[in-house]
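All remarks here apply to the structure that follows.
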Amino acid sequence: MAFLASLGRKTLNIFSTVGRAFLILVGAIVARPQPLKNTSLVIKQIYIVGVQSLLIIGVSGLFIGMVMALQGYTVLVDYGAEESLGPMVALSLIRELGPVVTALLFAGRAGSALTAEIGLMKATEQLSSLEMMAIDPLRRVIAPRFWAGVISMPMLALIFSAVGILGGHLVGVDWLGVDSGSYWSIMQSSVDFEEDVLNGVIKSFVFAVVVTWIAVFRGYDLIPTSEGISAATTQTVVHSSLAVLGLDFVLTALMFGTN
Amino acid sequence: MTSRKVEVGVGFFVALAFASLLMMALKVADQGVSGTGETYNLYAKFDNIGGLKPRSPIKVGGVVIGRVGDIHLDKEDFTPVVTLVISEEYRDFPDTSSVSILTSGLLGEQFVGFHPGFSFDGIETLNEGDYIADTKSALVLEDLIGQFLFSQNKDD
Amino acid sequence: MEYLVEIENMSFSRGQRPIYEDINVRIPAGKTTAVMGPSGIGKTTLLKLIGGQLTPDSGDIRFKGHSIPKMRRNALFAARRDMSMLFQSGALFTDMTVFDNVAYPIREHTRLPEDIIRTMVLMKLQSVGLRGASELMPSELSGGMARRAALARSIALDPELIMYDEPFAGQDPISMGVLVKLIKELNDALNLTSIVVTHDVTEVLTIADYVYVMADKRIIGEGTTEEIQSSDSPLVQQFLKGNADGPVPFHFPARDFATVLGEGR
């Protein structure tokens, strides 16, 4: 009996959490737009979540591209196929590493910050105070942050891949002596703009929605105490990372799985 | 309310993202002959297509004129049929043209080599949906080695 | 007398724990009403109920004659423009200057040109004595100053009702004096209705016109300041005098001490 009761309670909890999360998502998306005022809010948030993540995204992209070129070269050179370094680096970055690593870094860098910020606004009664001023916090606090995240992440992923490909060029061509012409031309013949680049962007967009959603929901829904905030930030990072990796498999299977 | 620093930062960010997209479109993924342009389809039957895959290039003397579309098996005579998606830019090949499956380098990717035939009066041109009669299959390395060994043995 | 807020037979509980059982409170318009009671009995909850942030389990809350719990979202937001709440922490937006904080509700709810907003904000800041601090960030203010800045923000749109949540908690005697004076002056000058929720008895009795004393989920006493001070209820007297023990026991409910100690053996 006790087992059944606890199972039932947990199920109900999960359902009510998911329900509240959906309400927030709907509130953030359908929030009645106030073009002028909201644009400046969204731009400010893009600065915070996007522009301030540029450094970590750029540096990670560069190093991941360089490492892949180094590792790939040592394997490919045994088969005399080091010209294929270009497509190897480009395809793995554009299809997988760009969207996924960006989403993971974003969850750690910007997602946790979003959760903590919204959580602290809740703890210091700023959200309540907005409500009492007859201002909907979903519209003024959650929506701009949500949209900023959704807009920023695909852009960050593109930058990540581009920097990574340049990093691969740096190691592969400039240090290891792969021919620059074949690095680019074989890459061009194997990378398709719609199938690879656009699908990568779509992937990244899906991750952006999920990660930002989890981050703002965890912040909005947390218990406004020190433990509550720290638990919610951790949950943001853990849940979004798991969600990204799981979704990545599903999306990859859908997009590239069958020929 | 938005300060200048924020505006400049976001502008820089958007420009950077746009540059990356441009790099993807122009430098990483070649938009030359694929997808967006006007194309027409030709068909070719091969005995063996080897490792040919959809999206492999079709070249005339090294110039890419199109890409391989669908590959399927003819239901009646059980031979592979390859759809050749050719850019509208390259038209009016005579129907004496031949295609062969070639390999770039010893182990490189496979592509379709297109050899335009001579055009005389009275020779028709290839149009949408036509079959190319003269085809040469892929060279399969194992068969080649087998043939080589076989001919060696005969010499003895 | 005319009443701005009327609470009728209202009950409210948090989860399984009842907070209020069948209480009646009426807030006279244009007066300062104090709601007093020991910590942790949900005085803040009462303000949130009036503001419509929480919904009562039963009973009714009326603001200007309209039932708050029955309002739809838009009507509720419209009603909230006539009320305003000073939170215990001040709840200033930490990413804006004091000036922008005070200007925020005006910018949100009106389309006034920036120079009029500037005049309005400076007037509000002047009235709480913080005009000189208008370019400071909230983190640079002391607790008392933050509360005054928040007060300026809550009167920015000239509401009819201001609810003060523990305005005196944790203030030094000078800031406390300043706040008492401000509440009194604002109430008289702007013809506001004020609800002051507090447990600082002496301060609030100097400014309140009418007093409610709450304990144990109910209203245990009400009346004008004089009536309350001469109340014969032992509970009210204990609260006013601050006796450590009395009808509200010093000890949190527990089993007999001697028995518990005996169990350790």
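Labels below follow one simple rule: chain letters A, B, ... track the order of the sequence lines, proteins then strands, and each chain is numbered from 1.
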**Q.** chain B-proximal positions within residues 89-102 of chain A [heavy-atom distance under 4.5 Å]
**A.** A90(A), I94(A)
Nearest heavy-atom pair of [X] and [Y]: which atoms, and what distance?
X       : Y       : result
A162(A) : M23(B)  : O-CE, 3.6 Å
V10(B)  : I43(A)  : CG2-O, 3.5 Å
F13(B)  : S152(A) : CZ-O, 3.8 Å
V14(B)  : M155(A) : CG2-CE, 3.9 Å

Please indicate whether [X] has more than 12 foreign heavy atoms, meaning atoms of other residues, nucleotides or ligands, lying under 6.0 Å from its [atom1].
X       : atom1 : result
F205(A) : CZ    : no
Y131(B) : OH    : yes
K136(B) : NZ    : no
D47(B)  : CG    : no

Q. Roughly how far apart are L21(B) CG and L158(A) CG, rounded to 0.5 Å?
A. 5.5 Å
**Q.** Per-residue contact mode, S161(A) against chain B (heavy atom under 4.5 angstrom)
**A.** both
Q) Checking heavy atoms, do the side chain of L54(A), its backbone, both or neither come under 4.5 Å from chain B? A) side chain
Q. Are M24(B) and D196(A) close enough that some pair of their side-chain heavy atoms sits under 4.5 Å apart?
A. no
Q) So what's closer than 4.5 Å to chain A heavy atoms on F12(B): side chain, backbone, both or neither? A) side chain
